[in-house]
Amino acid sequence: NDKVQLATLERYYQLQQAKQLMLAGATLADPQRIDVRGDVQIEGEVFIDINVIFEGKVTLQSGVHIGANCIIKDATIGANSLIKANSMVEQSLVAENCEVGPYARLRPGTELSDSAKIGNFVETKKAIVGEGSKINHLSYVGDAELGTNVNVGAGTITCNYDGINKFVTEIDDGVFVGSNTSLVAPIKIGKDSTIGAGSIITKD
């Protein structure tokens with residue numbers, strides 16, 4: 001009948017949700033500090049740290065580790081992947097053996113292939129990241145397609161918006177992008193290319 005009773009009811013409901021996750025194979029650091037605001041499917045043993053929020057439809061495959069203070073929304077996290085603390089994953093697909101975070105943000109349309117790495121203070125949007133590719137530090141990668149074993153240096157951005165339209169950046173297998181590089185889309189970076197730090201790339 002009042003806000004206090006509503007909060008009490010919500011905590012009771014969330015504890016029931018936590019119990020269901022534990023019965024399905026989840027280890028919860030603290031069952032009192034988790035919020036399930038949708039449907040969470042557990043496919044094997046997983047670990048979920050404190051203050052994690054799940055929204056929409058979420059699937060966690062075997063061996064997944066979710067760090068503290070993460071928000072996971074409408075996403076699938078593949079087997080043995082690690083989502084480190086304070087990260088957001090929304091409408092994205094994370095394959096097996098990936099690492100995300102800490103302080104990373106995967107926006108809608110992001111797809112990580114096996115063993116991909118997204119590091120601290122990295123934001124992606126509609127980005128396909130190939131197997132073994134890494135975007136480890138302080139970068140924005142949007143409307144992009146990365147091949148396998150690509151290394152994107154710290155501070156790199158894909159300049160995907162000209163004020164009217166969005167454009168795609170294509171980065172082929174084995175490319176090394178130096179720190180503080182701006183890739184002005186639409187652009188294609190060919191296989192095994194190396195881009196020096198501080199470059200502004202406007203041509204294929």
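Not measured: the values here are computed from a predicted model.
Remark: Asn149 pairs with no residue by the side-chain hydrogen bond (donor to acceptor under 3.5 Å, both in side chains) rule, at least two apart or across chains. Looking at residues two or more places apart in sequence or on another chain, you find no side-chain hydrogen bond (donor to acceptor under 3.5 Å, both in side chains) involving Tyr161. The side chain to side chain contact (heavy atoms under 4.5 Å, CB included) search around Thr194 returns Phe176, not counting sequence neighbours. With sequence neighbours excluded, no residue satisfies side-chain hydrogen bond (donor to acceptor under 3.5 Å, both in side chains) with Glu45. Shown here are the side-chain hydrogen bond (donor to acceptor under 3.5 Å, both in side chains) partners of Lys134, two or more places apart in sequence or in another chain: there are none.
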For residues 61-86, please give each side-chain donor-acceptor pair under 3.5 Å, one per line with the distance, not counting sequence neighbours.
from, atom 1, to, atom 2, distance (Å)
Gln61, OE1, Ala79, N, 3.2
Asn69, OD1, Asn51, ND2, 3.2
Asn69, ND2, Asn86, OD1, 3.4
Asp74, OD1, Lys57, N, 2.8
Ser81, OG, Gly78, O, 3.4
Ser81, OG, Ala95, O, 2.6
Ser81, OG, Asn97, N, 3.2
Ser81, OG, Cys98, N, 2.9
Asn86, ND2, Tyr103, OH, 3.4

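Follow the hydrophobic side-chain contacts under 4.5 Å out from Leu15 and you never reach Val36; the two are in separate clusters. Note on Met88: it does not cluster hydrophobically with Val100, by side-chain heavy-atom contacts below 4.5 Å among ILVMFWY residues. Under the 4.5 Å side-chain heavy-atom criterion for Ile, Leu, Val, Met, Phe, Trp and Tyr, Val152 and Ile195 are members of the same hydrophobic cluster. A continuous path of ILVMFWY side-chain contacts below 4.5 Å connects Val177 to Ile201, so both sit in one hydrophobic cluster.
Arg33 has its side chain out of reach of Leu28: every pair of non-hydrogen atoms, C-beta onward, lies at least 4.5 Å apart. Side-chain contact between Thr124 and Val122: present, with at least one pair of heavy atoms (C-beta onward) separated by less than 4.5 Å. Using a 4.5 Å heavy-atom cutoff, the side chains of Val175 and Lys191 are not in contact.
The CG atom of Asp143 lies 12.0 Å from the SG atom of Cys159; values are rounded to the nearest 0.5 Å. One finds the CD atom of Glu123 at 11.5 Å from the CD1 atom of Ile135 (value rounded to the nearest 0.5 Å). Put simply, CG on Leu183 and CD1 on Ile171 are 5.5 Å apart, with the number rounded to the nearest 0.5 Å. With values rounded to the nearest 0.5 angstrom, Lys117 atom NZ is found 6.5 Å from Asn136 atom CG. Between the CG atom in Leu146 and the CD atom in Glu131 there is a gap of 13.5 Å [rounded to 0.5 Å]. Rounding to the nearest 0.5 angstrom, the gap separating the CD1 atom in Ile128 from the CD atom in Glu111 is 5.0 Å.
Contact between Gly174 and Val150 at its shortest, heavy atoms only, is N-CG2, 4.1 Å. The heavy-atom pair separating Ala116 from Leu112 by the smallest distance is CB-CB, 4.1 Å. The heavy-atom pair separating Ile34 from Arg11 by the smallest distance is O-NH1, 3.9 Å.
Other members of the cluster containing Tyr140 are Ile157, with ILVMFWY side chains joined at under 4.5 Å, either directly or via other members. Grouped with Val168 in a hydrophobic cluster is no other residue, since no side-chain heavy-atom contact under 4.5 Å to another Ile, Leu, Val, Met, Phe, Trp or Tyr is found. Cluster partners of Tyr12, using a side-chain heavy-atom cutoff of under 4.5 Å among ILVMFWY residues and allowing indirect links: none. Applying the 4.5 Å side-chain rule to ILVMFWY residues, one finds that Val4 remains a lone member of its cluster.
The local environment of NZ in Lys126 is sparse, with at most 12 non-hydrogen atoms from other residues, nucleotides or ligands closer than 6.0 Å. Residue Ile200 qualifies as open at atom CD1: its count of foreign heavy atoms under 6.0 Å is 12 or below.
Pairs of residues two or more places apart, or lying in two chains, never qualify as side chain to side chain donor-acceptor pair (under 3.5 Å) while including a residue from residues 195-204. Pairs passing the side chain to side chain donor-acceptor pair (under 3.5 Å) check and including a residue from residues 162-185, sequence neighbours excluded, read Thr148-Asp173.
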Evaluate Arg37 against Glu55 for salt bridge (Lys or Arg N to Asp or Glu O under 4.0 Å), listing each step before the verdict. CA-CA 5 Å; Arg37 304 171 185 174; Glu55 299 182 3; 3.8 Å; yes
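Partner of Val94 under the side-chain contact (heavy atoms from CB on, under 4.5 Å) criterion, out of Leu106, Ile118, Leu60: Leu106 alone.
For the pair Ser92 (side chain) and Glu90 (backbone), a donor-acceptor distance under 3.5 Å is present. Looking only at distances, no side-chain donor or acceptor of Ser87 sits under 3.5 Å from a matching main-chain atom of Arg105. Ser139 places no side-chain N or O within 3.5 Å of a backbone atom of Ala154 that could act as its donor or acceptor partner. Checking side-chain atoms of Gln14 against main-chain N and O of Glu10 turns up no donor-acceptor pair under 3.5 Å.
Judged purely by distance below 3.5 Å, without hydrogens or angles, the side chains of Gln20 and Gln16 never pair a donor atom with an acceptor atom.
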